[in-house]
Amino acid sequence: MPDSALDLRQSTEGRVTRILFSNEENGWCVVRLQPEGAPPLTAIGPFLGVREGDDLRLSGRWVDHPRYGRQFEAESYLQIEPSTLDGLKRFLGSGKIRGLGPKRAAAVVDAFGLDALGVIEHEPEKLRAIRGIGPATLGRIRDSWAQYRGIQQVMVFLTGHGVSPGVAIKVFRRYGVGAVDAVRANPYRLAEEIFGVGFLTADRIARQLGVPESSPERRAAGILHTLREAAGGQGHVYLPEDQLLAAAGQLLGEEPAALGAALADLAARQQVRLAARPESPAAVYLPRLEQAEARTAADLLAIVSAPASGEPVMVDLAVAWFQAQSRLRLASGQRRALAVALRDKVAVITGGPGTGKTTLVRGLVQVLERKGARLALAAPTGRAAKRLSEATGQAATTIHRLLEYNPVSHGFNRCRENPIEADCLVVDEVSMLDIELASSLLEAVPPGCRLVLVGDSDQLPSVGPGNVLADLIASGRVPVVRLDEVFRQAGGSLIVVNAHRVNAGQMPRLDPDAEQVDFFFIPRDDPAEAAELAVDLAARRLPKRYGLDPVSDIQVLAPMHRGELGVIRLNERLQDVLTPPGRELVVGWRRFRVGDKVMQVRNNYELDVFNGDLGRIEAIDHGDREIAVRFDDRTVVVAADDLEDVVPAYACTIHKAQGSEYPAVVVVLHHQHHVMLQRNLLYTAITRGQRLVVIVGSNRALARAVGNATIRARYSLLAQRLADPPEAGTR
C-alpha cells in the first residue's frame, strides 16, 4: 500500500485465526486476520467479545509500527455471521456461546441447518430437542447469546452514529444488553451518564433516531448542558435564569421563552435548583453546586462564631518572640497579619510575590507549635503543598489527601462526623480553591479550629467553578490583611518587579543592567517564528545557558489550547525534540512516549492523582495500553480507560499552571490569543517562574494583556450568603 494512503479510511475483512492479546476490561485486542485469497495481517482495535474463528469486517487505516510492522488499526468493526454449515459449527463451537461446545454446536447445526442462529435467538426452546441441553444449559445458552447480541448491537448502533468504539464499550458496560433500548428511549442520557459523550454527540444520535427538535428531553438536555458548560468552561456556580435560557435557546435553535416549561420541569424533578434574588432573575444551579455554595457559607459562619480551641495566645508577646528568635524585623503589614491570624478564628492573608507571605506563615506555625497547638497545613496541589512544607519545616499535604478520599464510598473520610484533628488549619494558594473543594474542606474543619487562608487574589480564579477567595474578601465577614510591601531582596528580581508592574497596569521593565536579570521579552510577530523560538528556548538554549533540565525545570505556558501557538501544537513540537519518535502509544490526538512529561486533567480519587498534577511516563505497556507515570514521590499505573484524563504537558495553559512554580517558564503571548489576553492572566504567568521568565510573542499582545484589566465575572452568591445568610435560600 502506498504511503500516501496511510491516513485514508479503508476497510478489510477476514477470519480471526488467532488472538494475540485481549483486554477484557476495555475490549482492546491484537488479532491475526486471514482475508480470503490474501496474505494474513495483524489488526488492532476495540474488538469486545471477538473470538477465534469469527469473521470480521473492519473499518480504519493502515499504520506502520516501528517494532511490529504494518498493522490495520480498526476504528470500528462488524461481525459477519457465517453463511455455511461448517462456518456455523465453528462459530457456535468457538466458546463464544456458553453451553455450546464443538460437539453440541455441531448437533445444533445438524438439527437446524442454516436456521440455527435464528432458532437460538427467536425460538431457543427448540434446543431442548438436542441431547444434553436441559433447562440449566438452555439458560446459559440464552443468556450468553443475549450478551453476544447485545455487544454487537451496541457497537454497530453507536459506531454507526459516530460514537467511538471506546465510548461504545463504556455504554455497554453501563447499560448492558439493554444499551440500545436505553439509548433509543432517551439518547440524551448519554451526555449525562457517559464520560466522553457530550450534548452535541447525543443530539446527533437523537436527530438520526427521529427525536423532534422540540422534544422535552432535548430541551432539558440543552439546559443542563448549558449549565455544565458554564460551570466547567467559565467557572460559574450558577447562571441567571434569563442568560441560561438565552444561551440554551441559541444552542437548541429555539426562542428562550419556549424553554421555560422545560426549566420548570427540571426544577420540579430537582435536576436544577433555583434561588430567588431580589429584583433580579432567579439564579439557576446544578444541585451539587448550590449545595456546595450553601454549605460553604454555613460552615464558614459556624467556624467564625465558635470559640477557639486551645490556650489563648498573647498576640503582642508572640509577635515579639518570633521576631527575636528569627532575627527578623517584620513589616507593619506582616505584624498586623500575624496578629490577626493569632487572634481571629478565620483570617485571609493575600498579597503578591515578594510581599512576605511565606515569612508570615512560617511565623504563625512556629508560634502555634511552641504553644502546643495541633497544626494542619494543606494546599490544592502537590507542588504547592511541597513549597508550603519547605517554607515552614512542617509536613503539608494536598487538600484531597488531608480529607482522605474513600474509593468505596466515593467520598471523603474526613467530614462533619469525622473532622480534621487540628487546632489550626493553614491553607495556601487559596485562589485555586473551587466551590466544591471548599465545601468539602470546611465541612471537615471542627468548629473550634482556627482557619488561616493564604493566597494571591490578583491571580486567575480556580479552574473549577467559583471564586472563593474573592468572595470571602468581598463578603466582609472575615478579617482580610493585604500585604503590599515588596521587600528589598525580592525587589532585586525583575520577575517580582514586573509582576507588580503588570498588576498595576504598567508595561514590564526590560533592564539588562538590573541587579538580577531574570526576565526577558523577545518580540516575534510571525506565529511560526514565535513557535519555533519558544521550542528552541525550552528544549535547547535555556538548558544549555542556565544548566536546566528541559523537561523537569522548564515549563512552556500559553493562553489557549488551539492554534499554531496553542498548547496542543506546542506539545507536539516539544515532544518531537525532547522524546524523539520511537515506539509510542496513540490515544486519539495524543501520543505517549517513555520520558514524556504529562498532566492529569481530571480528578482520579482512586489513583490519588488530581487535576493539574504533573508527572513523567516511566513505562508503557502496549498490550494492556497502560502507562506508568511518576507523580512526585510515587508511580501510578494509568489504565486504558483513564488515558483520556492524561495529556502531554511540555506546554500547558496558564490556567493549568496555577498553584505551581517552575525554575523557568517560557510564556508564549501573541495577538492570536487576543480573546484571552487579560492582565491577571499575564500576572499569573509571570509569577509561575522562580528563577527565569522569558516571554516570546508580539508587542501588541503584551500591551493588550497589560492594558486589559477586565476580569470575567463569575456568577456566585457565596459573598451574599456570607454577608446576609438569612436571605439566602432556594425554592
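Remember, it's a predicted structure, so these values are computed and weren't measured experimentally.
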Treating [X] as the side-chain partner and [Y] as the backbone partner, does any N or O pair qualify as donor plus acceptor under 3.5 Å?
X	Y	answer
K597	R616	no
S475	L472	yes
H673	L565	yes
D518	I495	yes
D423	R374	yes
H500	P353	yes
D434	P465	no
Q555	S660	no
R688	T684	yes
Q291	R288	no

Between [Y] and [X], do the side chains contain a donor N or O and an acceptor N or O under 3.5 Å apart?
X	Y	answer
H670	S698	no
T635	R630	yes
Y650	D596	yes
Q325	Q366	yes
Q234	E229	no

Checklist entry - Does the salt bridge (Lys or Arg N to Asp or Glu O under 4.0 Å) test come out yes or no for D608 and R634, once each step is laid out? => result CA-CA 10 Å; D608 197 27; R634 61 200 183 89; 3.6 Å; yes

For the residue pair [X] and [Y], what are the closest heavy atoms and their distance?
X	Y	value
A438	T296	C-OG1, 4.0 Å
Q658	S431	NE2-OG, 3.5 Å
A422	P446	O-CG, 3.9 Å
A685	L557	O-CD1, 4.1 Å
V304	R477	CG1-O, 4.4 Å
L338	L360	N-CD1, 3.3 Å

Next on the checklist: For R679 and D458: C-alpha separation, side-chain torsions, deciding distance, then whether salt bridge (Lys or Arg N to Asp or Glu O under 4.0 Å) applies.
Outcome noted: CA-CA 9 Å; R679 185 179 298 169; D458 293 319; over 6 Å; no

Checklist entry - F610: what forms a ring pair (Phe, Tyr, Trp, His ring centres under 6.0 Å) with it, not counting sequence neighbours? => result H400, Y605

Item to check | Criterion side chain to side chain contact (heavy atoms under 4.5 Å, CB included) against V598, the qualifying member of L614, D613, N571, I617 | outcome: I617

Item to check | side chain to side chain contact (heavy atoms under 4.5 Å, CB included) between N467 and S716, intermediate numbers included | outcome: CA-CA 7 Å; N467 200 357; S716 163; 5.6 Å; no

Next on the checklist: Working note: L342 + L368, criterion side chain to side chain contact (heavy atoms under 4.5 Å, CB included); need CA distance, chi angles, decisive distance, verdict.
Outcome noted: CA-CA 8 Å; L342 291 170; L368 292 178; 3.9 Å; yes

Rounded to the nearest 0.5 Å, what's the gap from [atom1] on [X] to [atom2] on [Y]? Could you check?
X	Y	atom1	atom2	answer
D456	E429	CG	CD	8.0 Å
R524	L533	CZ	CG	5.0 Å
L442	I303	CG	CD1	5.0 Å

Within the supplied structure, the quantity of interest is the number of heavy atoms (other residues, nucleotides, ligands) at a distance under 6.0 Å from [X] [atom1]; does it exceed 12?
X	atom1	result
K386	NZ	no
R545	CZ	no
D316	CG	no
R370	CZ	no
M507	CE	yes

Carboxylate-amine/guanidinium proximity below 4.0 Å for [X] and [Y]:
X	Y	answer
E290	R721	yes
D471	R714	no
R387	E661	yes

Next on the checklist: The test is side chain to side chain contact (heavy atoms under 4.5 Å, CB included); show your working for V348 and I473 and say whether it passes.
Outcome noted: CA-CA 8 Å; V348 173; I473 294 172; 4.1 Å; yes

Next on the checklist: Could you go through I554 and V665, starting from their C-alpha distance and side-chain angles, then the distance that decides it, and tell me whether this counts as side chain to side chain contact (heavy atoms under 4.5 Å, CB included)?
Outcome noted: CA-CA 6 Å; I554 301 175; V665 296; over 6 Å; no

Checklist entry - Step by step, would you call Y683 with Q678 a side-chain hydrogen bond (donor to acceptor under 3.5 Å, both in side chains)? => result CA-CA 9 Å; Y683 173 79; Q678 295 173 292; over 6 Å; no

Checklist entry - So do R414 and L402 actually touch side chain to side chain, heavy atoms under 4.5 Å? => result no

